[in-house]
Amino acid sequence: MLQVEKVAQDVAVRGLGLVREVPRGYGELADQFKRAIVSVALNTTEALGRKDGNRRNLLAVARGSAKEASVALALLGAVGAVAQAEVAGVEQDLDRVRAMLWRLAA
């Protein structure tokens, strides 16, 4: 397993735990965050298992999902649905994943 896979999986687990119990009224945003962060891990792993032209596309999808997850998480933090301290830690890991995906796609 490459390091990017491990980091992507770890941040997905942390992120899913973070939004397990969001306040009423923020469920749709939390669901969008969950879909995006899971997409990061799944598309990263699928891309690394490919050798064809789909590899670059899947890496780009994973990177886009990481950006989407970051925005959703920032919004959840801004409205107080999740703790800002937790948001910062997950965002740092998402940024690390994006950097690794960028290098792999080059």
Side-chain angles (χ1 to χ4, degrees):
M1 175 183 292
L2 291 179
Q3 186 175 11
V4 68
E5 287 179 280
K6 176 78 170 114
V7 175
Q9 288 177 26
D10 288 348
V11 74
V13 170
R14 283 181 59 206
L16 291 171
L18 186 60
V19 297
R20 185 172 292 134
E21 296 182 23
V22 297
R24 187 178 179 113
Y26 300 105
E28 288 183 26
L29 184 54
D31 287 344
Q32 187 67 30
F33 169 76
K34 289 185 229 178
R35 284 190 297 276
I37 204 154
V38 167
S39 175
V40 174
L42 295 177
N43 281 298
T44 297
T45 297
E46 184 175 355
L48 296 175
R50 303 265 181 129
K51 296 288 184 197
D52 56 9
N54 287 331
R55 178 184 173 117
R56 184 170 287 188
N57 182 58
L58 288 165
L59 291 170
V61 170
R63 204 170 53 244
S65 292
K67 292 178 83 157
E68 179 181 7
S70 289
V71 171
L73 186 58
L75 292 171
L76 286 165
V79 298
V82 295
Q84 284 290 8
E86 295 292 329
V87 169
V90 172
E91 174 54 33
Q92 183 176 11
D93 288 343
L94 281 169
D95 191 49
R96 183 173 176 213
V97 169
R98 281 191 298 270
M100 288 190 271
L101 291 171
W102 183 263
R103 284 190 297 269
L104 285 169

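Residue numbers start at 1 and run along the sequence shown.
Here CG of Leu42 is found 8.5 Å from CD of Gln9. Values are rounded to the nearest 0.5 Å. Within the model, atoms CG of Leu18 and CG of Leu76 stand 8.0 Å from one another, a figure rounded to the nearest 0.5 Å. Atom CZ of Arg20 sits about 9.0 Å away from atom NZ of Lys34, to the nearest 0.5 Å. For the atom pair Arg35 CZ and Glu68 CD, the distance stands at 8.0 Å (nearest 0.5 Å). A distance of 10.5 Å separates CG in Asp95 from NZ in Lys67, rounded to the nearest 0.5 Å.
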Start with the C-alpha distance between Gln84 and Val87, add both sets of side-chain angles, then the distance that settles side chain to side chain contact (heavy atoms under 4.5 Å, CB included), and finish with yes or no.
CA-CA 5 Å; Gln84 284 290 8; Val87 169; 3.9 Å; yes
Apply side chain to side chain contact (heavy atoms under 4.5 Å, CB included) to Val22 and Leu29, showing your working.
CA-CA 10 Å; Val22 297; Leu29 184 54; over 6 Å; no
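In terms of hydrophobic clustering, with Ile, Leu, Val, Met, Phe, Trp and Tyr side chains grouped at heavy-atom distances under 4.5 Å, Leu59 and Val4 are assigned to a common cluster. Cluster annotation: Val79 is connected to Val90 through the hydrophobic network of ILVMFWY side chains, with a link wherever side-chain heavy atoms come within less than 4.5 Å. When hydrophobic clusters are built by joining Ile, Leu, Val, Met, Phe, Trp and Tyr residues whose side-chain heavy atoms come closer than 4.5 Å, directly or via intermediates, Val40 is grouped together with Leu104. One hydrophobic cluster holds both Val11 and Val19 under the rule that ILVMFWY side chains link at heavy-atom gaps under 4.5 Å. Under a hydrophobic-cluster definition in which Ile, Leu, Val, Met, Phe, Trp and Tyr are linked whenever side-chain heavy atoms come within less than 4.5 Å, directly or via other members, Phe33 and Val13 are assigned to different clusters.
The minimum heavy-atom distance linking Ser39 with Val61 is given by the pair OG-CG1, 4.4 Å. A pairwise comparison of heavy atoms in Ala36 and Ser65 identifies O-CB, 3.5 Å as the closest pair. Smallest separation of non-hydrogen atoms from Ala81 and Pro23: O-CD, 3.6 Å. Summarising the geometry of Arg55 relative to Arg50, their closest heavy-atom pair is NH1-O, 3.3 Å, with the distance given to 0.1 Å.
Within the 3.5 Å criterion, the main-chain N or O of Arg63 finds no donor-acceptor partner in the side chain of Arg98.
Neither side chain, Thr44 nor Glu5, offers a donor N or O lying under 3.5 Å from an acceptor on the other.
Ion pairing between a basic and an acidic side chain is recognised when a charged N comes within 4.0 Å of a carboxylate O; Arg96 and Asp93 show no such pairing.
Applying the side chain to side chain contact (heavy atoms under 4.5 Å, CB included) test between Leu48 and each of Leu58, Leu2, Asn43 identifies Leu2 as the sole match.
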